[in-house]
Amino acid sequence: MDATGPSAAGGTARRRLCVYNGGFLRDRRLRRILSLAGYDIRLGRPGPQDLVGIWGDSPTAHRGRRAAARHGVGLLRVEDAFLRSLHPGRRGDPPLGLSLDLRGVHFDAGQPSDLETLLASHALDDTALLDRARAVIARLAAAHLTKYSAVDPALPLPDPGYVVVIDQTREDASVRASRADRARFVEMLAFAQEEHPGARVLIKTHPETAQGFRPGHFGPEDTNDRIQLLSDPVSPWALFEGAVGVYTVSSQLGFEAILAGHRPRVFGQPFYAGWGLTVDDAPVARRERRLTRAQLVAAALILYPTWYDPFADALCEVERVLDILEAQARAWRQDRHGWVAGGMRLWKRPALNRVFGGERRILFEDDAARARATGRPRMVWAGKAGPGDEDAALVEDGFLRSRGLGAGLVPPLSLVVDDLGIYYDPARPSRLERLIALRETLRPDQALRAERLIASVTGLGVTKYNLGGARPDLPKGRRILVPGQVEDDASILRGTGAVRTNFSLLQATREANPDCVLLYKPHPDVEAGLRAGEIRAEGLADVVLADVDTGWLLGQVDEVWTMTSGLGFEALLRGLRVTTLGVPFYAGWGLTTDLAPPLARRSARPTLAGLVHATLIDYPRYHDPVTNRPCPVEVAVARLASGAVPRPGPLLRALSKVQGALATHAHLWR
């Protein structure tokens, strides 16, 4: 980055920023990002070393410009970054990044901005930088991310072959900077029709217009049998896929059209025009360089903005913002119509509403007919699903769950919602199976993220329940860990064959490994007296490990033998050999030694990174207990490691004890 550019402030001494707009004082996110970037917001007269901060070309910006001119100090022009948030700011959604520009405003070609200077003079030839840029484009397209990412790729679009004309809000600063008005937009619409005779024309309405915040330049009066307004929150990536032409004045969607492979016709002078990637109706004479899409993205999304991670309360790179937006957009897309849920115990319902009720509160209804009558999509707790629930998505705990047991009524940080089956039932395909097969091939950025996640999980000692515990001395020799399971658990009932009890598992392991040291670890729910599965392991096991730190233990053994335990997956993360006697989700992909009959449909051969990407990144939903927001897996790992996670209150703890007593009583009377 140029030494005078926006990133320079973050690495130098703090600088006073005098402001004359109340928004700088009221907006906590804005203040925080500026503070982290090295600016102290102040009121009053600027000193010789100070700057004046203004918001782009807002109606109050003239105050700051006058003050800066009067006192002979520089201006810092602040604007939203190009990947702003899930919803527009007028809906109260704070930004995930800012552009901090000392030269100009990126949308106003009247004078060069820091962004234009980057595009014109930065070498933009570093291989690592351009690889990052290409990965950013791929992630934006795959996750259908845009400036406001509350878009739904599943919404229907007309048959391909249409032209997209992009509307913008009236009096938008970028429209004014391009000296455009209603007549200019009408002229653009005429060009679109003339240059594509016979093609349908879709006028893409701005999200703020569609949501009633600000009017646009087009309305119903501009439509006819060939022209239609498109105000639904469709994905721009899906929209551009079927387009034969894209027309814009200065909308950021023009930038995204370039990334989608188009060469849009531009009637204004936005930052992305003039570099050989657009057809320019009003060219900027000084922009003579020819850039690639990757170079444009490297400058506009990697080098120029100041990005913010609200979970870590720290500045970050664009890749973390993509992680965050992917998690938030996925939650919005799945939850936007609301859910009706069945088979959910009372204690689980508050946690389910936190995770899946962010858009609309969940309706709880166990009667399938009444649930369908609501018109909402259905979800059912997987273990409670039965005949008649084939149309419902199944819900279960995720693989990085909590610091404490589900049977102990500890709320989860992660849940899975599966529209095909459920991961522990091999009798039918699950969404996880599809994802694992899809991740047989990973892009370099996906492999890197998965590998970093593996290192983080194993380095921090994070497991499913994170109970901690003792670290006893262990016998020397080749150690095989045999994890006990809850014997009436659905994964045992549905995912095992001849070996389906803890005793038979231990027996089979000893027969196959007569000279090894067998370490038997009872399941935590069984240890706590909450579920069935207690056995007398002495005589078969060399050591029975009660109340032991699982993360530590996995670092002390050479191998794991299991029926279907998730601990086998955790062992794979740590590079251990894993033998399965059942059919857990991680078996059959070439990463384990499988003694049960294989599933023919599991023919893909992903790497460990591919398995991890599908299992821990793609499949579960994570919810941050600190911010009460959907979050990426990396945040969940950090919370589990730090202990900043929910715990059951006194009522739930009492209920857990009653539940455990009932489970023990039922087991004794079998």
*With a 4.0 Å cut-off, would you call Arg431 and Asp418 a salt bridge?*
no
*Flag the pair Arg494 / Tyr424 as yes when at least one side-chain heavy-atom distance between them is below 4.5 Å, and no otherwise.*
yes
*Under 4.5 Å between any side-chain heavy atoms of Leu413 and Arg401, yes or no?*
no
*Please report the shortest heavy-atom distance between Pro411 and Ala351, naming the atom on each side.*
CB-CB, 4.3 Å
*So, do Val578 and Trp561 sit near enough that their side-chain heavy atoms are less than 4.5 Å apart?*
no
*Can we say Asp397 and Lys464 salt-bridge, meaning some charged N sits less than 4.0 Å from an Asp/Glu carboxylate O?*
no
*asked:* Let's go through Leu519 and Ile480 carefully: what are the C-alpha distance in whole Å and the side-chain angles of both, what is the deciding distance for side-chain contact (heavy atoms from CB on, under 4.5 Å) to 0.1 Å, and is it a yes or a no?
replied: CA-CA 6 Å; Leu519 309 176; Ile480 297 179; over 6 Å; no
_NZ/NE/NH1/NH2 to OD/OE distance under 4.0 Å, Asp515 and Arg478_ = no
*Just by distance, do the side chain of Asp152 and the backbone of Val234 share a donor-acceptor pair under 3.5 Å?*
no
*Might you work through the salt bridge (charged side-chain N to carboxylate O under 4.0 Å, His left out) test for Arg605 and Glu440, ending with a clear yes or no?*
CA-CA 6 Å; Arg605 289 295 176 262; Glu440 184 175 28; over 6 Å; no
*Counting distance only, does the side-chain N/O of Gln446 pair as donor-acceptor with the main-chain N or O of Arg443 below 3.5 Å?*
yes
_Does this structure show an ion pair linking Arg602 with Asp594, if we count only N-O contacts that are shorter than 4.0 Å?_
no
*Report yes if the side chains of Leu591 and Leu611 come closer than 4.5 Å at any heavy-atom pair, otherwise no.*
yes
*Looking at CG of Asp624 and OG1 of Thr627, how far apart are the two atoms once the value is rounded to the nearest 0.5 Å?*
3.5 Å
*Can a donor-acceptor pair be found between the side chains of Ser149 and Thr146 at a distance below 3.5 Å?*
no
*Would you give the length of the straight line joining atom OG1 of Thr592 to atom OH of Tyr586, rounded to the nearest 0.5 angstrom?*
7.5 Å
_Carboxylate-amine/guanidinium proximity below 4.0 Å for Arg471 and Asp549_ = yes
_Checking side-chain polar atoms at under 3.5 Å, does Thr564 have a donor or acceptor matched by the opposite partner on Gln485?_
yes
*How are the rings of Tyr465 and His523 set to each other: parallel, tilted or perpendicular (split at 30° and 60°)?*
perpendicular
*If you round to the nearest 0.5 Å, how far is OG1 of Thr501 from CE of Met563?*
6.5 Å
_Euclidean distance, Ser235 OG relative to Phe240 CZ, rounded to 0.5 Å_ = 9.0 Å
*Apply salt bridge (charged side-chain N to carboxylate O under 4.0 Å, His left out) to the pair Arg479 and Asp558, showing each step before the final yes or no.*
CA-CA 5 Å; Arg479 298 168 182 158; Asp558 303 289; 5.9 Å; no
*CA sep, side-chain torsions, deciding dist, call: Phe585, Phe399, ring-ring contact (aromatic ring centres under 6.0 Å, His included)*: CA-CA 11 Å; Phe585 70 88; Phe399 307 107; 4.7 Å; yes
*Taking Arg428 for its side chain and Leu420 for its backbone only, find out whether a donor-acceptor pair lies under 3.5 Å.*
yes
*asked:* With rounding to the nearest 0.5 angstrom, report the CG to CG distance, Leu572 to Leu567.
replied: 10.5 Å
*Do you know the tightest heavy-atom contact between Trp307 and Leu96?*
CE3-O, 3.5 Å
_Student check: side-chain heavy atoms of Ser430 and Asp425 closer than 4.5 Å_ = no
*Which of these passes side-chain contact (heavy atoms from CB on, under 4.5 Å) with Glu570: Leu554, Val457, Leu400?*
Leu554
*asked:* Heavy-atom count check: over 12 atoms from other residues, nucleotides or ligands less than 6.0 Å from Arg452 CZ?
replied: no
*Applying side-chain contact (heavy atoms from CB on, under 4.5 Å), run through Leu394 and Trp381 and close with a yes or a no.*
CA-CA 6 Å; Leu394 301 183; Trp381 193 262; over 6 Å; no
_Spacing of Leu303 atom CG and Leu124 atom CG [to the nearest 0.5 Å]_ = 6.5 Å
*Mind running side-chain contact (heavy atoms from CB on, under 4.5 Å) on Leu518 and Leu506 for me, showing each step along the way?*
CA-CA 8 Å; Leu518 297 196; Leu506 198 52; 4.3 Å; yes
_Electrostatic pair Arg132-Glu319, nearest N-O below 4.0 angstrom_ = yes
*Between Arg449 and Glu326, is there a side-chain N and carboxylate O pair less than 4.0 Å apart?*
yes
*Given side-chain contact (heavy atoms from CB on, under 4.5 Å), test Val626 with Arg639 step by step and report yes or no.*
CA-CA 9 Å; Val626 177; Arg639 301 299 192 221; 3.5 Å; yes
_Thr607 side chain to Gly610 backbone, donor-acceptor under 3.5 Å_ = yes
*Please indicate whether Glu241 has more than 12 foreign heavy atoms, meaning atoms of other residues, nucleotides or ligands, lying under 6.0 Å from its CD.*
no
_Shortest non-hydrogen contact from Cys316 toward Asp309_ = SG-N, 3.6 Å
*Pairing of Arg439 and Asp618 as salt bridge, 4.0 angstrom limit*: yes
*Return yes if some donor-acceptor pair links the side-chain N/O of Gln295 with the main-chain N/O of Thr292 below 3.5 Å, else return no.*
yes
*Quick one: are Val635 and Tyr622 in side-chain contact, heavy atoms under 4.5 Å?*
no
_Do the side chains of Arg500 and Glu487 get close enough for a salt bridge, i.e. N-O under 4.0 angstrom?_
no
*Compare all side-chain heavy atoms of Leu83 with those of Leu322 and state whether any distance is below 4.5 angstrom.*
yes
_Please evaluate residues Asp389 and Arg378 with respect to the criterion salt bridge (charged side-chain N to carboxylate O under 4.0 Å, His left out), reporting the C-alpha separation (whole Å), side-chain torsions for both, the decisive distance (0.1 Å), and the verdict._
CA-CA 9 Å; Asp389 290 326; Arg378 293 179 64 218; 2.7 Å; yes
_Minimum heavy-atom distance Leu301-Val318, with the two atoms named_ = O-CB, 3.4 Å
*Is the backbone of Leu145 close enough, under 3.5 Å, to the side chain of Trp237 for a donor and an acceptor to pair up by distance?*
yes
*Okay, side chain of Arg510, backbone of Asn513: is any donor-acceptor separation there less than 3.5 Å?*
yes
*Where is the tightest heavy-atom contact between Val560 and Ala571, given as atom of each residue plus distance?*
CG2-CB, 3.6 Å
*Under 3.5 Å: donor-acceptor pair, side chain of Asn353, backbone of Ile362*: yes
*So does Asn628 have more than 12 non-hydrogen atoms from other groups sitting under 6.0 Å from CG?*
yes
*Answer yes or no: is there a donor N or O on one side and an acceptor on the other, between the side chain of Arg333 and the main chain of Ala150, under 3.5 Å?*
no
*How about Lys147: does its NZ atom have over 12 heavy atoms from other parts shown lying under 6.0 Å from it?*
yes
*Looking only at non-hydrogen atoms, find the nearest pair between Leu325 and Ser85 and report the distance.*
CD2-C, 3.9 Å
*Are Tyr520 and Thr509 close enough that some pair of their side-chain heavy atoms sits under 4.5 Å apart?*
no
